[in-house]
Number of protein chains: 2
Amino acid sequence: MTPARSRRPGAPTRTERGIPEATVARLPVYLRALTALSDSGIATASSEDLATAAGVNSAKLRKDLSYLGSYGTRGVGYDVEYLRYQIAREIGVTQDWAVVIVGIGNLGHALANYSGFGTRGFRIVALLDADPSLVGERIGEMVVRDFAELEEIVASDRVSIGVITTPAGPAQEVCDRLVAAGVTSILNFAPVVLSVPDGVDIRKVDLSIELQILAYHEQRKSGEAALPEVPELPATMNGLTDLPSVGGGVGA
Amino acid sequence: MTPARSRRPGAPTRTERGIPEATVARLPVYLRALTALSDSGIATASSEDLATAAGVNSAKLRKDLSYLGSYGTRGVGYDVEYLRYQIAREIGVTQDWAVVIVGIGNLGHALANYSGFGTRGFRIVALLDADPSLVGERIGEMVVRDFAELEEIVASDRVSIGVITTPAGPAQEVCDRLVAAGVTSILNFAPVVLSVPDGVDIRKVDLSIELQILAYHEQRKSGEAALPEVPELPATMNGLTDLPSVGGGVGA
DNA sequence: CCGATTTTGTTCTCACGTTCACAAGCTCCT
DNA sequence: AGGAGCTTGTGAACGTGAGAACAAAATCGG
Ligand SMILES: NC(=O)c1ccc[n+]([C@@H]2O[C@H](COP(=O)([O-])OP(=O)(O)OC[C@H]3O[C@@H](n4cnc5c(N)ncnc54)[C@H](O)[C@@H]3O)[C@@H](O)[C@H]2O)c1
Ligand SMILES: NC(=O)c1ccc[n+]([C@@H]2O[C@H](COP(=O)([O-])OP(=O)(O)OC[C@H]3O[C@@H](n4cnc5c(N)ncnc54)[C@H](O)[C@@H]3O)[C@@H](O)[C@H]2O)c1
């Protein structure tokens, strides 16, 4: 019989068949690469080929795939279709997930018009907005509906994923409504930190943050000699009201 | 005098005043939290307060800030305005960075209409598209210009950041053009892995990947008993052409 | 049938990131 | 002036992630 294994120090703590978070974040990239190879009529690919297509190093790719099982063939590589199916199954996109989008402004419109979600395992079942002048507008096949209908829609369409594209102000309130209605995964575009109860997953997309990270590295490239002098902290910390205005604004 | 320090084992390798990547990614969040506190009229905040506002743990926040210098006061906390300025300076958003957006479709329109960049250290100097029927269209204060004008614009406006919102197909080509024109930081929305030479930074935003990560966790929440059986690999790997179609599509 | 060749799956080691815990330093009150 | 009470800055421990390296397994040619 199998002896009760004591955890080796350094081994990642992971529940049965749990996959490291860093790996989970790369699986969709592999899935996309496999789909591209498949569309090019390629039936088999080595870890090196796949790693190149996915923009990662091949050892990392092999280790990532090894968490799913042994789906390759030594000396040969991976069967593209088979591996694609296995990854899709592991991620959970062999069937479609129902999604609602809340806040049909600039960004909400763009998402609603985007055809890429359908081919990647998601089905947008409702576009919701609180603005009465938007309700009833047609976008592609869909019609904008009133945010008040949220609970009904979530319940009848088994919606588990919500996307927030409202301004920052109402975002927490919208988030709470989504959670109360039964949504357990949220993708947030509003520039604000949302708090959710345990059991609800939240991810954020923040374009200003991405640009600011680029700006940081850009600044170092262009030579730090160009940096302004560090103003020293005065003896008293008061009287600092007239510093130059700086980026980092809050709000919609 | 300062003795030449030999690297302690375990200490992160970092060039003079270099900041760990994970910290750099959080500084914009702190900046936003500080701006919010400042707008609420709060002049001083403890690491605990700030950490709550930024959605991180306070030890992490203190360690992150310690890479910038000692800007707090023991027993008191941090001066909100002063710290905000220091972080903005470190990120490099005390002045605006010029940005071009390439591909003015659904997403490009949304970004062009977004007012949030201006208040966070960025100035959109041009909207570019290859489609002649779009060139000349007015969006807010700006007019869509021909992609062919790229080089001229980059040179005359000292543009160092480019945003790609074209379909996946032309994205690499557009990327190469941007780099050749002198752009050294790129934010990519197209679902494709771009390759760039050393010295050019690239970040990607991929909504389908975000949703798929949520789907993975969602699947585990709803009980794995619901998972389809794992199909076994047949003795030969051929003849696998009729697997169910799965999410992960490629293309625009 | 066997050895050469290819490529996976995994182990080992090092680097990076997070969190705890506490001494050092500042303010305020008596 | 001196001690009580906070809060920062950081050393040290721990956990996670990345990559090099290699043994194991499969194919293929002779
Ligand atoms: N547009 C962009 O390119 C862009 C870029 C980065 C970040 N963002 C962020 O994304 C979010 C949306 O941006 P946008 O430009 O689309 O804004 P927007 O103002 O155009 O649209 C917001 C929509 O949300 C709706 N709304 C407001 N309160 C609501 C509520 N309580 N319930 C339901 N709907 C509500 C409004 O009616 C409006 O239609 C903002 O938080 C913004 O900061 C947008
Ligand atoms: N719209 C969304 O919500 C959304 C969501 C996720 C990802 N994306 C991705 O973002 C990108 C843009 O999406 P979209 O919906 O705005 O697409 P879109 O088709 O509406 O717009 C693309 C624009 O790029 C322009 N273009 C094409 N080739 C070009 C070239 N070589 N040079 C310059 N311009 C060129 C086109 O003329 C068009 O205006 C796509 O890669 C898409 O996969 C979009």
Side-chain angles (χ1 to χ4, degrees), chain A residues 5-15 18-27 29-30 42-52 54-80 82-83 86 233-238, chain B residues 5 7-15 18-27 29-30 42-80 82-83 86 233-238:
Chain A
R5 265 173 296 185
S6 62
R7 282 214 325 105
R8 272 189 306 106
T13 312
R14 212 174 309 116
T15 50
I19 293 178
E21 205 42 45
T23 296
V24 170
R26 283 187 295 265
L27 290 179
V29 180
Y30 303 155
I42 294 169
T44 304
S46 70
S47 63
E48 202 66 57
D49 299 337
L50 272 175
T52 303
V56 301
N57 131 340
S58 68
K60 183 151 65 179
L61 178 130
R62 285 200 300 278
K63 186 182 281 197
D64 283 343
L65 295 185
S66 78
Y67 292 117
L68 312 193
S70 276
Y71 294 139
T73 307
R74 292 171 195 232
V76 178
Y78 300 89
D79 180 276
V80 170
Y82 184 66
L83 183 58
Q86 292 302 337
L233 185 65
T236 165
M237 286 198 324
N238 306 324
Chain B
R5 265 172 295 185
R7 283 215 323 107
R8 272 189 306 105
T13 312
R14 212 174 308 116
T15 50
I19 293 178
E21 206 38 49
T23 296
V24 170
R26 284 187 293 266
L27 290 179
V29 180
Y30 303 155
I42 294 170
T44 303
S46 69
S47 62
E48 202 66 57
D49 299 337
L50 272 174
T52 303
V56 300
N57 131 340
S58 68
K60 182 149 64 179
L61 179 131
R62 286 199 300 278
K63 178 151 285 192
D64 284 342
L65 295 184
S66 77
Y67 292 116
L68 312 192
S70 274
Y71 295 138
T73 308
R74 293 170 194 232
V76 178
Y78 299 89
D79 180 277
V80 170
Y82 184 66
L83 182 58
Q86 292 302 338
L233 185 66
T236 166
M237 288 197 327
N238 307 324

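In what follows, every chain begins at residue 1, and chains take the letters A, B, ... in the order their sequences are listed. Just so you know, these numbers use all the heavy atoms, side chains as well, and skip hydrogens, waters and symmetry mates.
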Figure out the OH/P separation between Tyr67(B) and dG9(D), and round it to whole Å. 13 Å
Residue set satisfying side chain to side chain contact (heavy atoms under 4.5 Å, CB included) with Ser58(A), at least two apart, ordered chain then number -> Ser47(A), Glu48(A), Ala51(A), Arg62(A)
Whole-Å distance, Asp79(B) CG to dT7(D) P, equals 16 Å
Per Lys60(B) side chain, nearest of listed nucleotides dT19(C), dT10(C), dG17(D): dT19(C)
Partner of Tyr71(A) under ring-ring contact (aromatic ring centres under 6.0 Å, His included), chosen from Tyr30(A), Tyr78(A), Tyr82(A): Tyr82(A)
Which heavy atom of Ala54(B) sits nearest to which heavy atom of Val29(B), and what is that distance? O-CG1, 3.6 Å
When the distance from OH of Tyr30(B) to P of dT8(D) is rounded to whole Å, what number comes out? 13 Å
Looking only at heavy atoms, which two atoms of Thr44(B) and Val80(B) are closest? And how far apart? N-CG2, 3.9 Å
Name every residue in residues 46-55 of chain B that has at least one heavy atom under 4.0 Å from any atom of DNA chain C, in order of residue number, or write none if there are no such residues. none
The criterion is side chain to side chain contact (heavy atoms under 4.5 Å, CB included); which residues satisfy it with Ala53(B), sequence neighbours excluded? Ala33(B)
Any N or O donor-acceptor pair under 3.5 Å from the base of dG9(C) to the side chain of Lys63(A)? no
Whole-Å distance, Leu61(B) CG to dT10(D) P, equals 14 Å
Nearest of dG17(C), dG9(C), dT10(C) to any side-chain atom of Tyr78(A)? dG9(C)
Closest to side chain of Asn57(A), choosing from dT19(C), dG19(D), dG17(D): dG19(D)
Which is true for Ala59(B) with a 4.0 Å heavy-atom rule: it touches a base, it touches only sugar-phosphate, or it touches nothing? base
Between the protein and nucleotides 22-28 of chain D, are there any N/O to N/O pairs under 3.5 Å, and if so, what are the atom names and distances?
from	atom 1	to	atom 2	distance (Å)
dA24(D)	N3	Arg74(A)	NH1	2.7

Side chain to side chain donor-acceptor pair (under 3.5 Å) against Ser46(B), all qualifying residues, sequence neighbours excluded: Asp49(B)
Which residues pass the side chain to side chain contact (heavy atoms under 4.5 Å, CB included) test with Lys60(A), not counting sequence neighbours? Arg26(A), Val56(A), Asn57(A), Asp64(A)
